[in-house]
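Note that ligands are numbered from 1 as they come in the structure, with each ligand's atoms numbered from 1 the same way.
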Amino acid sequence: MKTELKFESASTLAAELLVVLAADAATSKDKNASAQPVLLTKDSTIAGADKPVLASGEFTASACETLLLYSPLELKSKRLLIIGLGKLSKVSVHEIRKAAGAAVRFAKPRSIRSVTLVLPEHEGISLAAAARAAVEGAFVGDFDPDTYRSDRKDRAIEQFTVVAPANADKKVVEAAFREGVILGESQNFTRALVNEPGNRLTPTIMGERAAAMCKEQGLQCEVHSTEKIKELKMGAFWAVAQGSEEPPKLIVMRYEPKNAPKDSPVLALVGKGITFDTGGISIKPADGMEKMKYDMAGGAAMIGAMRAIAQLKPNVRVISIVCAAENMPSGKAYKPGDIAIAMSGKAIEVLNTDAEGRMVLADGLHYAKQLGATHLIDAATLTGACVVALGMVNAGVFSNDDATYEHFHKALEISGEKFWRLPVEDEYRDMIVSHIGDITNTGNSRWGGAITAAMFLKEFVDETPWIHLDIAGVAWMEEQKPWIAKGPSGVAVRSIVEWVRSYGK
Ligand code: BES
Ligand code: ZN
Ligand code: ZN
């Protein structure tokens, strides 16, 4: 999708599809909700073209509601699409992002190849923030997961144009727009990886895809295999990997800005890259097992985040480690009752081979510290329990350090992604005590499963400030929404990038 930012009067453009945004101005005080929806543009020609339909009451401007006008007389554009943002008092950049996605998804099945969105002018939302959100949303809307359908028509949008008023601060809006392009493309890069089935994205292929991205973006990258994993004594990672014919890969990516001060932070992004999770010897039921191709979504989010970081160039050092392996049952597979000695030296009693994500992350997190990380963030489709707790709306976030969490919380305000903080407290530690080794890889009951998984990871983090993201419930959209297709969501990429930028813009 090509993108363009124009500074001119929207009503003079001859667009294939011109999109304007509207909001519902009715308040609870308005009897019969008689207030009309308001258009968020100061362009009087567009407002004039819309007047009759807005007055009709047929369109209420609820979130992502659409109304199409054909060849409005006053305009040069072929079609005018009005999209609702919901209540005027609640309009934020997050509604604009979704509306832009909805505009693109409206156009795609109608064979409309070019979409032109008029930036909304609304108190409290800068044109720069709106431009960034709009183009991010357009990329999100443009992605479809039908890569392998033989009847697939290429319905991708060719051109997405954002129109800002001619008197806008060009430099500021342009810079924000460019950020939006980078973030939108990087999120889709992650989604394309997550979408790949297990046979087409083995740990080896995941390593190759990461290395190719790094080469293209000028990042350092090493992809280590079994030998190095054994040499580093990553006994927890290897325990999981040993059951598969596919060799595991330890992917290490590095971003080094030229002028970062010597004592400045080193941020580490650690991702779970289980390219397929059968459960291993504690095998999962057949029903729904196919979904476990997306068990590498945390790792893919880190690769996508590194892609964006390489282009945005924040002034902070970043390392990323993705532990890629396949969790398979076999004659060589690890078994319940086994003891695995992690890289940190801790003895893990394996109670369930399906709790493999925490095993690979244990060594990934420890290795990140060894490489000099001062702050850690991990992302993983880690537990079904997190899905039970938060459903498919919020992902879980855990942290051992309030200041580090605060950086992440602020990042969420920019990204618009939904994460809900869950506790890491010593009282839960008793649930993972082993009588044979140091720690068990599952809790002693099924209660609080997302928290016991986080407590397990905490053992390998020690005092280093750390954030853990459990994205099991939101990495794959079970249903499409007006602004996003069913399938991989690319969740966490934008939030992780903002978290990184908060340490060195
Ligand atoms: N990959 C799964 C978690 C998962 C569940 C991801 C649903 C996406 C959607 C993970 O490896 C797993 O199987 N966890 C077990 C842990 C249990 C054995 C303690 C689970 O959640 O059941
Ligand atoms: Zn599992
Ligand atoms: Zn898993």
For Phe419 together with Phe408, are the ring centres under 6.0 Å from each other?
yes

Before moving on, can you tell me the angle at the Zn ion (ligand 3) between the NZ atom of Lys272 and the OD2 atom of Asp277, to the nearest 10 degrees?
170°

Under 4.0 Å, heavy-atom basis, I'd like to know which part of Lys291 is in contact with ligand 1: side chain, backbone, both or neither.
neither

Mode of Asp354 contact toward ligand 1 - side chain, backbone, both, neither (heavy atoms, under 4.0 Å):
both

Proximity flag Arg358 to ligand 1, non-hydrogen atoms under 4.0 Å:
yes

When you measure from the heavy atoms of Arg446 to every atom of ligand 1, does any distance fall below 4.0 Å?
no

Test your reading of the model: is there a side-chain donor-acceptor pair from Asn400 to the backbone of Thr464, 3.5 Å cut-off?
yes

I need the atoms of ligand 1 closer than 4.0 Å to a non-hydrogen atom of Thr442, numbered in the order shown.
19 (C)

What's the shortest heavy-atom distance between Thr204 and Pro247, and which atoms?
OG1-CG, 3.9 Å

Should the proximity of Tyr294 to ligand 1, defined as any heavy atom under 4.0 Å, be assigned to the side chain, the backbone, both, or neither?
side chain

For ligand 1 and Lys272, I'd like to know whether there is a polar contact (N/O to N/O, distance under 3.5 Å).
yes

For ligand 1, does Ile274 get within less than 4.0 Å through its side chain, its backbone, both, or neither, judged by non-hydrogen atoms?
neither

Based purely on interatomic distance, does Lys284 place a nitrogen or oxygen under 3.5 Å from a nitrogen or oxygen of ligand 1?
yes

Taking both backbone and side-chain atoms of Asp295, is any N or O found less than 3.5 Å from an N or O belonging to ligand 1?
yes

Under 3.5 Å, N or O to N or O, is Thr383 touching ligand 1 that way?
no

Is the contact between Met392 and ligand 1 made by the side chain, the backbone, both, or neither, using heavy atoms and a 4.0 Å cut-off?
neither

Counting from 1 in the order shown, the ligand 1 atoms closer than 4.0 Å to a non-hydrogen atom of Asn352 are 18 (C)

Specify which N/O/S atom of Asp295 comes nearest to the Zn ion (ligand 3), by atom name.
OD2

Lys458 NZ/CZ over Trp466 ring centroid, <6.0 Å and within 45° of normal
no

Short N/O distance, under 3.5 Å, between Gly384 and ligand 1?
yes

When you compare ligand 1 with Glu356, is there at least one nitrogen or oxygen pair between them that comes in under 3.5 angstrom?
yes

Which atoms of ligand 1 have any heavy atom of Thr381 under 4.0 Å away?
1 (N), 2 (C), 3 (C), 6 (C)

Do any N or O atoms from the side chain of Asp470 and from the backbone of Leu382 form a donor-acceptor pair under 3.5 angstrom?
yes

Report, in ascending order of atom number, the atoms of ligand 1 lying under 4.0 Å from any heavy atom of Asp277.
1 (N), 2 (C), 10 (C), 11 (O), 13 (O)

Using only atom types and a distance under 3.5 Å, with no angle test, would you say the side chain of Tyr503 pairs donor to acceptor with the backbone of Ser264?
no

Check all N, O or S atoms of Glu356 and name the one closest to the Zn ion (ligand 3).
OE2

